[in-house]
> 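Have a look at this one before I ask anything.
None of these values were measured; they are calculated from a predicted model. Chain identifiers are assigned alphabetically (A, B, ...) following the order of the sequence lines, protein sequences preceding nucleic acid strands; residue numbering begins at 1 within each chain.
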Number of protein chains: 2
Amino acid sequence: MDLNERKLKILQAIVSDFISTSEPIGSRTLSKRPDIDLSPATIRNEMSDLEEMGYLTHPHTSAGRVPSDKAYRLYVDQLMKGSDLPEVNKQEISERLHKDADELDQTVEHAAQLLSEMTNLVSFAITPNRSESKISYINFLPVDESSVVLMIVCEDGKVTNSAIRMNSPYTEENLTLMSKVMTHNFKGKAVSAVLTENIAAMFESDMQALAGLAGSVVPSFMKTLEKMLNVDLYMDGYSNIFRLPEYSDVSKARNFLEAVTNKEQFTNVLVNRDQGLAITIGDENSEDLKDFALVTADYKVNGKLVGRLGVIGPKRMKYGEVTSVIKYITDNLSQTFEIPAPEEAAEESAEAEDNDK
Amino acid sequence: MDLNERKLKILQAIVSDFISTSEPIGSRTLSKRPDIDLSPATIRNEMSDLEEMGYLTHPHTSAGRVPSDKAYRLYVDQLMKGSDLPEVNKQEISERLHKDADELDQTVEHAAQLLSEMTNLVSFAITPNRSESKISYINFLPVDESSVVLMIVCEDGKVTNSAIRMNSPYTEENLTLMSKVMTHNFKGKAVSAVLTENIAAMFESDMQALAGLAGSVVPSFMKTLEKMLNVDLYMDGYSNIFRLPEYSDVSKARNFLEAVTNKEQFTNVLVNRDQGLAITIGDENSEDLKDFALVTADYKVNGKLVGRLGVIGPKRMKYGEVTSVIKYITDNLSQTFEIPAPEEAAEESAEAEDNDK
DNA sequence: TGTTAGCACTCTGAGCGAGGGAGTGCTAAC
DNA sequence: GTTAGCACTCCCTCGCTCAGAGTGCTAACA
């Protein structure tokens with residue numbers, strides 16, 4: 001049996017109707033659609049075929065048809081109409097993202113917020129993984145007799161710092177020396193590469209005089225590097241899920257919340273998805289997310305680092321609208337975090353200076 | 001009519017029974033309790049009195065009694081038995097809080113997690129407000145041609161940084177000069193005080209040569225100071241609320257989530273609570289939280305800064321247990337973040353050094 | 001005078017059955 | 001190949017009843 005054009009048309013109608021109503025679709029309902037000029041009986045025959053082929057299911061004998069995961073997949077791949085974002089929404093996105101755009105973390109958080117508002121789903125965003133970011137310099141700064149702040153700056157401008165409690169007394173000169181030697185040794189190296197180096201040995205060879213400080217400094221330094229690798233997860237719109245009829249059962253809602261608020265596990269899921277625009281539906285997801293669909297897309301920072309943004313919701317999601325919103329936001333984010341070409345920056349700054357006077 | 005001992009005893013029994021069952025309590029049930037030696041009829045009379053006095057209500061004629069907000073308040077103030085935390089739990093708290101205790105933010109997050117696990121409620125924690133923290137120094141650091149990192153360190157070791165996009169070209173000397181002058185001017189001053197100073201004027205008088213940079217630097221500096229005043233909110237255990245029978249109705253669960261995931265508003269509520277151990281019940285809260293009870297307590301950092309930790313849940317909360325967990329955790333946190341007396345620190349460090357060798 | 005037993009009354013919630021509605025599958029005719 | 005017709009299935013709602021829980025009132029008791 002093959003999926004001829006008529007079957008596709010019927011399937012498409014069922015999926016899109018089900019997406020908007022969440023009610024099983026019957027043959028009579030379909031036959032009333034202006035774009036389908038067939039009698040209920042004919043439609044029933046086709047439906048029966050589609051069910052046999054695994055695209056439809058049946059909650060019970062006298063109910064209409066419901067799309068299967070396979071049907072959603074086909075719908076997303078072939079049948080769905082891409083929708084163009086209304087100009088108003090595009091403007092809103094641009095405006096809200098460009099406001100306060102100097103902090104990556106904050107902008108990403110805003111993007112997630114925006115996304116959940118526009119899709120009425122639960123949205124999330126993760127910040128880029130920095131394991132391949134290069135270290136720009138390392139600085140130890142005094143706080144009080146026994147505490148020091150360690151600061152590591154990446155070439156992309158990301159600053160990570162930690163407090164270090166020193167077990168031995170130190171002088172400012174000690175800190176300056178450590179800063180210099182470590183910057184000299186690690187500048188330009190990737191975070192992941194530095195993590196594998198033997199830093200204790202460095203104290204023994206390059207800074208013998210400070211070997212006594214190694215005990216306090218080395219573990220903190222390693223921890224800070226690991227902290228740089230952390231991917232932050234933002235989520236928004238939790239309560240949106242409760243507006244959907246499929247979660248009127250509290251235990252389902254709870255399952256959802258549990259799956260999604262386990263930050264570590266969920267971050268893991270997000271990190272390991274396909275790059276670019278990725279849509280996974282139902283059993284394409286891990287066990288605890290098999291009742292949901294996820295749509296994600298990537299944004300770039302400085303043309304290199306890659307973060308990710310998306311939504312999670314029921315399988316009967318308005319894939320067309322959702323994807324276009326996500327794409328528009330990620331594209332916009334990528335633009336926002338682009339490095340301006342150096343010459344241009346210089347020109348602009350000259351202008352800005354003039355204006356200031 | 002007065003609240004004689006018998007009435008108090010009955011009220012206490014009703015509240016504590018209702019807390020554990022969430023079912024309206026009838027006179028027969030009460031009369032079966034070993035500590036109450038009265039016939040159902042007598043109890044009914046007393047209940048009727050208590051209802052008249054506003055301590056009990058009645059869902060409908062043939063249902064048992066339910067405590068009012070007033071009854072919970074009395075219960076918390078007078079009738080509740082403080083429960084002592086089992087030694088096992090105390091140990092678990094200590095262990096889990098002291099692990100990775102070098103980062104305040106992280107430890108506070110862990111504390112919230114722990115709290116929701118131990119109470120099976122939704123927990124939250126806010127970091128201290130730093131408006132009166134004193135600035136230790138200010139540092140501008142180069143990233144690339146057009147970006148600079150601004151770092152402000154407080155006396156308590158908190159580091160805040162922001163990226164600044166420079167509109168005019170700069171040199172490392174410029175940055176060093178700015179760092180020096182600004183540190184000199186602001187060292188020892190409270191963040192809130194610095195926020196009111198005229199920083200632009202400082203560029204005109206103390207750093208005329210750098211006046212061109214003021215346009216990029218001043219707004220970012222102000223923003224960074226404001227960022228230091230931000231209080232972070234952590235929450236944990238959202239899904240716990242769905243195990244409670246009173247939230248088996250999805251719309252109630254949604255109301256809860258909406259009230260609680262509005263971060264800005266909810267942080268505000270938390271910041272403005274009474275100091276120390278604070279319990280607010282039902283209509284003692286703002287409108288959107290009037291169906292809940294909140295229990296919070298403060299922890300101290302360096303004996304000065306004050307952060308806050310607590311839970312939100314149904315009014316029929318096990319106040320005794322919950323308060324003792326919260327108290328134990330906040331006390332423990334305060335200990336963890338105490339500044340060790342300087343002499344002691346010196347001794348310890350000498351020891352540590354010996355051990356290292 | 002406070003306490004208790006008894007009783008009528010009220011309200012809820014579970015259980016049951018009937019009936020309408022929606023939808024299917026099959027058959028036979030076009 | 002398409003359609004009309006029809007019997008059949010299943011769900012959902014509605015109304016009804018009935019048991020259970022609990023109250024309030026009254027009258028009797030210590």
> Using a cut-off of less than 4.0 Å, is there contact between a side-chain N or O of B/Arg44 and OP1 or OP2 of D/dA21?
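The answer is no; no side-chain N or O of B/Arg44 sits under 4.0 Å from OP1 or OP2.
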
> Mind checking who C/dT24 pairs with, Watson-Crick or G-U wobble, both distances under 3.5 Å?
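Pairing partner: D/dA7.
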
> To the side chain of B/Ser27, which of C/dT4, D/dT23, C/dT24 is closest?
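Looking only at heavy atoms from C-beta outward on B/Ser27, the closest nucleotide is D/dT23.
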
> Nearest-nucleotide wise, let me know which of B/Pro40 and A/Thr29 is further upstream toward the 5' end of DNA chain C.
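Comparing both residues, the 5'-ward one is B/Pro40.
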
> If you check the A/His58 side chain, which of C/dG6, C/dT4, C/dT24 turns out closest?
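Closest nucleotide to the A/His58 side chain: C/dT24.
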
> Atom CG of A/Asp49 to atom C1' of C/dT24: distance rounded to whole Å?
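The distance from CG of A/Asp49 to C1' of C/dT24 comes to 14 Å, rounded to the nearest Å.
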
> Rounded to whole angstrom units, what separation is found between the NZ atom of A/Lys32 and the C1' atom of C/dA22?
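After rounding, the gap between these two atoms is 10 Å.
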
> Just so I know, are the side chains of A/Ile281 and A/Phe292 near enough to count as touching, which here means a heavy-atom distance under 4.5 Å?
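Counting from C-beta outward, A/Ile281 and A/Phe292 never come under 4.5 Å.
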
> Where does the angle between the aromatic ring planes of A/Phe124 and A/Phe266 fall among parallel (under 30°), tilted (30 to 60°) and perpendicular (over 60°)?
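Correct class here is perpendicular.
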
> Rounded to whole angstroms, how far apart are CD on B/Glu46 and P on C/dT4?
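From B/Glu46 CD to C/dT4 P: 11 Å.
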
> Given atom CG of B/Asp37 and atom C1' of C/dT3, what is their separation to the nearest angstrom?
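My rounded result for the distance is 12 Å.
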
> Could you state the CD-P distance from B/Glu23 to C/dT12, rounded to the nearest angstrom?
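Between P of C/dT12 and CD of B/Glu23: 15 Å.
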
> Which listed nucleotide (C/dT10, C/dA5, D/dT9) is nearest to the side chain of A/Thr61?
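Of C/dT10, C/dA5, D/dT9, D/dT9 is nearest to the side chain of A/Thr61.
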
> Going by the angle between their ring planes, with limits at 30° and 60°, are A/Phe18 and A/Tyr72 parallel, tilted or perpendicular?
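Rings of A/Phe18 and A/Tyr72: tilted, as their planes differ by 30° to 60°.
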
> Give the nucleotide from the list C/dT4, C/dT12, D/dG24 with an atom nearest to the side chain of B/Arg65.
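Out of C/dT4, C/dT12, D/dG24, the nucleotide with an atom closest to B/Arg65's side chain is D/dG24.
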
> Nearest whole angstrom, please: distance from the C1' of D/dG1 to the CG of A/Asn4.
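Distance check: A/Asn4 CG to D/dG1 C1' gives 12 Å.
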
> Quickly work out the B/Glu51 CD to D/dG24 C1' distance and round it to whole Å.
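In whole Å, D/dG24 C1' lies 12 Å from B/Glu51 CD.
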
> Ion pair present between A/Arg73 and A/Asp77, side-chain N to carboxylate O less than 4.0 angstrom?
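Yes, this pair counts.
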
> Find the partner of D/dG15: check Watson-Crick (N1-N3 plus N6-O4 or O6-N4) and G-U wobble (N1-O2, O6-N3) distances, both under 3.5 Å, and reply none if neither fits.
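When the pairing criteria are applied, C/dC16 turns out to be the nucleotide that pairs with D/dG15.
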
> Using heavy atoms to find the nearest nucleotide of DNA chain C for A/Ser48 and B/Arg6 separately, return the residue whose nucleotide is more 5′.
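Nearest nucleotide further toward 5': that of B/Arg6.
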
> Would you say that A/Thr280 contacts A/Asp274 through its side chain, given a criterion of any heavy-atom pair below 4.5 Å between the two side chains?
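SC-SC contact between A/Thr280 and A/Asp274 ruled out.
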
> Looking at B/Ser62 and C/dC11, is any side-chain donor or acceptor paired with a base atom of the opposite kind under 3.5 Å?
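Under the 3.5 Å cut-off, the side chain and the base do form a donor-acceptor pair.
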
> At 4.0 Å (heavy atoms only), tell me whether B/Ala41 reaches a base, stays on the sugar-phosphate, or touches nothing.
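The residue B/Ala41 makes base contact.
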
> Measure CG/A/Leu56 against P/C/dG25 and give the value in whole Å, please.
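Rounded to the whole Å, the gap is 11 Å.
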
